[in-house]
Amino acid sequence: MTWRPTSLTFRLNLRPDERRVLALAAFALAFVTADVVTGGPLTHLDAAIRAAVQPRPPATPWWLALPEALGDLGVGAPVLAIAALICAQALWRLWPLAMSAGIFVTAEGAVLLIKTLVARPGPGEWTDRTGYPGYFPSGHSTTAAVVTGTVVFLAMAGWYAGRPPVPAARAGLVAGLAMGTLAAVGAVLGDFHWASDGIGGLALSTVVLVTGFAAARSYCKASAPLRSDRR
């Protein structure tokens, strides 16, 4: 393999559809956060949804086991790390590791920050939980979404020899939001979160995933002409 200098600076290129999705997700996150802080209509809808599904048997439906597991930091983080290592090794590139770490750290850091600022009490027995920063947004939903979405993106990037195509970002986002939605449903059924906690987590995940995928695509496009590989 022959290397030529690769520029570490690149311009983040967002497609028009990505800008629209980012704007919509950012607005949704801001709106839901403001509603939760002020006790707006969504909080009353949260109570109505909880009243409709609680109480229920404590057993988790089998189809929610995987989303709930991926939403746990102890499971989601290793799964993402393994996927990133495999992709980096297959492509002989470091960007899969950097992108995965950036997406994961940004998402988890944002969750913790918003939880601390909003300090929302949880439903049911979790209302008076001490030593916990808050329940909005749902960390499980966010983690399940970013882990699943990033793994799908990495898989498609590896298939296309390290040059992520446009469908990779879309497939990663759709898969991530689908898994995050299932995790949010599981949290509501388990009485761990309000429904709007999951909505906030999905909106946050969208912002992080779209930005992270666009950054990876922009970097690959900018650095490709500067590399000459022989295997």
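- Listed here is the closest heavy atom pair of Gly201 and Thr142: CA-OG1, 3.2 Å.
- Ser138 contributes a side-chain N or O that, together with a main-chain N or O of Ser141, makes up a donor-acceptor pair within less than 3.5 Å.
- Ion pair Arg120/Asp46 flagged as a salt bridge, since at least one NZ, NE, NH1 or NH2 atom sits closer than 4.0 Å to an Asp/Glu carboxylate oxygen.
- Here CG of Leu189 is found 8.5 Å from CD of Glu68. Values are rounded to the nearest 0.5 Å.
- By the 30° and 60° cut-offs, the orientation of the rings of Phe213 relative to Phe153 is parallel.
- The nearest pair of heavy atoms linking Gly122 to Tyr135 is N-CD1, 3.2 Å.
- Rounding to the nearest 0.5 Å gives a distance of 5.0 Å between CG of Leu209 and OG1 of Thr150.
- Residues Leu42 and Val37 fall within the same hydrophobic cluster, defined by Ile, Leu, Val, Met, Phe, Trp and Tyr side chains chained together at heavy-atom separations under 4.5 Å.
- When atom types are taken as modelled, the side chain of Gln54 and the backbone of Val188 share a donor-acceptor pair closer than 3.5 angstrom.
- Atom-to-atom distance recorded for Leu73:CG and Glu108:CD is 4.5 Å, nearest 0.5 angstrom.
- In the hydrophobic clustering, where aliphatic and aromatic side chains (Ile, Leu, Val, Met, Phe, Trp, Tyr) are joined below 4.5 Å either directly or transitively, Ile82 groups with Ile86.
- Residues Leu97 and Ile103 do not share a hydrophobic cluster, clusters being chains of Ile/Leu/Val/Met/Phe/Trp/Tyr side chains in contact below 4.5 Å.
- For Thr43 (side chain) and Gly40 (main-chain N/O), a donor-acceptor pair under 3.5 Å exists by modelled atom type.
- Clustering ILVMFWY residues whenever any of their side-chain heavy atoms sit less than 4.5 angstrom apart, transitively, puts Val118 in a cluster other than the one holding Trp194.
- Taking a cutoff of 4.0 Å between a charged side-chain nitrogen and a carboxylate oxygen, Arg170 and Glu18 do not qualify as a salt bridge.
- When all heavy atoms of Thr206 and Ala25 are compared, the pair lying nearest together is CG2-CB, 3.6 Å.
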task: Using the side-chain contact (heavy atoms from CB on, under 4.5 Å) rule, take Met179 and Val147 through it: C-alpha gap first, then chi angles, then the decisive distance, then the call.
output: CA-CA 9 Å; Met179 192 67 74; Val147 168; over 6 Å; no
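- Going from atom SG of Cys87 over to atom CE of Met156 covers 12.0 Å, rounded to the nearest 0.5 Å.
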task: Apply side-chain contact (heavy atoms from CB on, under 4.5 Å) to the pair Val79 and Thr148, showing each step before the final yes or no.
output: CA-CA 9 Å; Val79 167; Thr148 303; over 6 Å; no
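- The aromatic rings of Phe27 and Phe31 sit parallel, their planes meeting at an angle under 30°, below the 60° perpendicular limit.
- The shortest heavy-atom contact between Pro123 and Phe192 is CD-O, 3.7 Å.
- You'll find the side chain of Asp35 stays beyond 4.5 Å of the side chain of Ser196, heavy atoms only.
- The CG atom of Leu182 sits 11.0 Å away from atom CG of Leu177, with the distance rounded to the nearest 0.5 Å.
- Annotation: side chain of Val75 is not in contact with side chain of Thr143 (no heavy-atom distance under 4.5 Å).
- No side-chain donor from either of Arg15 and Asn13 sits under 3.5 Å from a side-chain acceptor of the other.
- The two residues Pro96 and Leu91 have their closest heavy-atom pair at CG-CD1, 4.3 Å.
- Atom CZ in Phe136 sits 9.5 Å away from atom NZ in Lys115 (nearest 0.5 Å).
- The two residues Ala183 and Ala144 make their nearest non-hydrogen contact at CB-CB, 3.9 Å.
- In terms of hydrophobic clustering, with Ile, Leu, Val, Met, Phe, Trp and Tyr side chains grouped at heavy-atom distances under 4.5 Å, Tyr219 and Leu12 are assigned to a common cluster.
- Residues Leu45 and Val185 share a hydrophobic cluster, clusters being chains of Ile/Leu/Val/Met/Phe/Trp/Tyr side chains in contact below 4.5 Å.
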